[in-house]
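Below is one structure, written out as structure tokens; the observations come after it.
Keep in mind that the numbers below use all heavy atoms, side chains included, and drop hydrogens, waters and symmetry copies. To find a chain, count down the sequence lines: A is the first, B the second, and so on, and within it residues start at 1.
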Amino acid sequence: MLDPRRLRQDFSAIKQRLQYRGEDISELDRFPEVDEKRRAIIQEAEALKKKRNEVSQQISVLKREKKDADHLIQEMKHVSESIKTLDQELRETENTLQNILLRIPNIPHESVPIGESEEDNVLHKTWGDIPEFGFEPKPHWELGAALGLLDFEAAGKVAGSRFVFHKGLGAKLERALINFMLDLHTSEHGYVEMLPPYLVHEDSMTGTGQLPKFAEDVFKIEDSHLFLIPTAEVPVTNYHREEILEADQLPLAYAAYSSCFRSEAGAAGRDTRGLIRQHQFNKVELVRFVKPEESYEQLEQLTSQAEKVLQLLNLPYRVMSMCTADLGFAAAKKYDLEVWLPSSQTYREISSCSNFEDFQARRANIRFRRDKKSKPEFVHTLNGSGLAIGRTVAAILENYQQADGRIRLPEVLRPYMQGKEYVE
RNA sequence: GGAGAGGUGUCCGAGUUGGCCGAAGGAGCACGAUUGGAAAUCGUGUAGACGGGGUAACUCGUCUCGAGGGUUCGAAUCCCUCUCUCUCCGCCA
């Protein structure tokens, strides 16, 4: 959520920056009027309340002195009626205002390239050598099926499309990656490990920005107010909701493994094969709570920590700086890490690292105090995948495939795979 | 799932015949005094949100005693709904 005061003051400048996102922001135009109306009602209602408080005092005094207060009471009945009407009106106006504000995306940071589509994302960095095969590299779903690691057929029977069974060494590989990533981030990068709830209520989903605008992208549990988390970002960011942190606690850094659930509405026909786009997948997520002045530096750091995973796995990747059109609703700036997939000769997103500035913190009311006497300020929140496990499996299968169909294992994973060098 | 108890400021904790309660008292914390220094002691201070005014320090007002409604001239105190915590029973991993 944007700061309403800032929006009021710099309306046209902010509007212009938001337009670079290229999405419909017509909601925004209603803001000045509703905001103005809200403040007018507040002033009127508060003046009446002041009067009510004063007269109530007088009544109280009169009553104590056993004097007659009927004329004042009669007068106040009308005042009270007016207050009630105004309060009702205020509630409606604030609701409207809130609905507008909750649907306005974050302002792109000045360093974000302006663009009209994902075509305009800017290449930031490339790492690693694209592997040469003396044969036609196979897609990971064929490799996985042939080696008995992945069973999409059975998953289709049991749960439908966009699900998978990881089986045997495939399941072990999934688990190995989770452990490897968590170990790396907790012991090398200073993160506190977290295993969060997979179901959260509506306030949490609103806090990180999934609701109200993107309800169709998530699974809601019938007959309850709970939603399946689309990412551990949701529970972990909301871990500190409604809190005022101490400055010396910052930065806070959490590494959370969770399954993630996405309805993938609107993705019909896209990435229907393989592990790329599933209703349920595993991910290790990095979440940071930082001081505002540090957040961009921390974004670089967070991104490099996610990159470290790819480097240790020796998977070729590139880093893209997302342009204004491809930022995502809540982000002020975002880098995507894209891993090389030989079968399709493309880079595919495997991690997304974002700085949300105070956008989520304002929604979830997460603040900190610089020192005892200072006013609470909103923290900045950041997160990044470190990494998506399913897509990492896909990348390993494809990049490490051998002519004979075996998969060589990256060295860092071998301790997690009973020392095996190959999956065969 | 059934029965009961309870949610008050940073924490503990008073406050149920509605008015003088934004809230006693204590602890903690901050600042000051005292001290060679510390402890102890004494004094002062110690929430947030929103709106108005001011360049600002600041100031005025409204609201907040789990959340949201309601009754009333007036609610921490009465009523309703929801929510969370605890205890017992049931059920389960």
For B:A23, the Watson-Crick or wobble partner whose two distances fall under 3.5 Å: none
Between A:H185 and A:Y257, is the ring centre distance below 6.0 Å? no
So which nucleotide does B:U17 pair with, by the Watson-Crick or G-U wobble rule with both distances under 3.5 Å? none
When the C1' atoms of B:U16 and B:U10 are considered, how many whole Å apart are they? 27 Å
Between B:A47 and A:R369, is there an OP1 or OP2 to side-chain N/O distance shorter than 4.0 Å? no
Side-chain N or O of A:R39 less than 4.0 angstrom from OP1 or OP2 on B:G61? no
What is the distance, rounded to the nearest whole Å, between atom CD of A:E46 and atom P of B:U62? 8 Å
B:A27 to B:G45 separation - P atoms, rounded to the nearest Å: 16 Å
Is it true that a side-chain atom of A:R277 and a backbone atom of A:T272 form a donor plus acceptor pair closer than 3.5 Å? no
List, with names and distances, any nitrogen or oxygen atoms from the protein found under 3.5 Å away from nitrogen or oxygen atoms belonging to nucleotides 71-78 of chain B.
{"unit_1": "B:U71", "atom_1": "OP2", "unit_2": "A:K84", "atom_2": "NZ", "d": "2.8"}
{"unit_1": "B:C73", "atom_1": "OP1", "unit_2": "A:K77", "atom_2": "NZ", "d": "3.1"}
{"unit_1": "B:C73", "atom_1": "O4'", "unit_2": "A:I73", "atom_2": "O", "d": "3.4"}
{"unit_1": "B:C73", "atom_1": "O3'", "unit_2": "A:S80", "atom_2": "OG", "d": "2.8"}
{"unit_1": "B:G74", "atom_1": "OP1", "unit_2": "A:S80", "atom_2": "OG", "d": "2.5"}
{"unit_1": "B:G74", "atom_1": "O4'", "unit_2": "A:S56", "atom_2": "OG", "d": "3.4"}

Using purine N1 to pyrimidine N3 plus N6-O4 or O6-N4 for Watson-Crick, or N1-O2 and O6-N3 for G-U wobble, both under 3.5 Å, which nucleotide pairs with B:G68? B:C80
Hey, is A:K291 close enough to A:E297 for a salt bridge, meaning N to O under 4.0 Å? no
Nearest-Å distance once atom C1' is located in both B:C42 and B:U35: 13 Å
Taking the side chain of A:R5 as its heavy atoms from C-beta onward, which of B:U62, B:G48, B:C50 lies nearest to it? B:C50
Given the P atoms of B:G90 and B:A3, what is the spacing between them in whole Å? 15 Å
Electrostatic pair A:R30-A:E33, nearest N-O below 4.0 angstrom: no
Indicate, with a heavy-atom threshold strictly under 4.0 Å, whether A:R362 touches base, sugar-phosphate, or nothing. nothing
On RNA chain B, compare the nucleotides closest to A:R367 and A:N53; which residue's is nearer the 5' end? A:R367
In this structure, is the centre-to-centre distance between the rings of A:F261 and A:H279 below 6.0 Å? no
For the C1' atoms, the ones on B:A75 and on B:C20, what distance do you get once it is rounded to whole angstrom? 15 Å
Between B:G51 (C1') and A:E89 (CD): distance, integer Å: 16 Å
Considering every strand shown, what is the Watson-Crick or G-U wobble mate of B:A49 when both distances are under 3.5 Å? B:U62
Only pairs with both distances under 3.5 Å count, Watson-Crick or wobble alike; so what is the partner of B:A30 in this structure? B:U44
Less than 6.0 Å separating the ring centroids of A:F356 and A:H380? no
Tell me which nucleotide, if any, is Watson-Crick or G-U wobble paired with B:A39 when both distances must be under 3.5 Å. none
Using the benzene-type ring in the case of Trp, are the ring centres of A:Y239 and A:Y254 under 6.0 Å apart? yes
Rounded distance in Å - CZ (A:R91) to C1' (B:C50): 16 Å
What does the list of N/O pairs under 3.5 Å between the protein and nucleotides 56-59 of chain B look like, with a distance for each?
none

When the C1' atoms of B:C82 and B:C12 are considered, how many whole Å apart are they? 28 Å
Rounded distance in Å between the C1' positions of B:A67 and B:C84: 10 Å
Separation between the P atoms of B:U87 and B:C80, rounded to whole Å: 27 Å
For the ring pair A:F359 and A:F329, is the centre-to-centre distance below 6.0 Å? yes
Check whether NZ of the Lys or CZ of the Arg A:R406 lies under 6.0 Å from the centre of the six-membered ring of A:Y422 and within 45 degrees of that ring's axis. yes
Can you name the closest pair of heavy atoms from A:A306 and A:G386 and give their distance? CB-CA, 4.5 Å
Watson-Crick or G-U wobble partner for B:G9, using a 3.5 Å limit on both distances? none
Please evaluate the base of B:G52 for a donor-acceptor partner in the side chain of A:Q43 within a cut-off of under 3.5 Å? no
Separation of A:F378 atom CZ from B:A49 atom P, in whole Å? 8 Å
How many whole angstroms separate atom CD1 of A:I244 from atom P of B:U64? 19 Å
Shortest non-hydrogen contact from A:L2 toward A:L101: O-CD2, 4.4 Å
Taking any strand in view, what nucleotide pairs with B:U87 in a Watson-Crick or G-U wobble way, both distances under 3.5 Å? B:A3
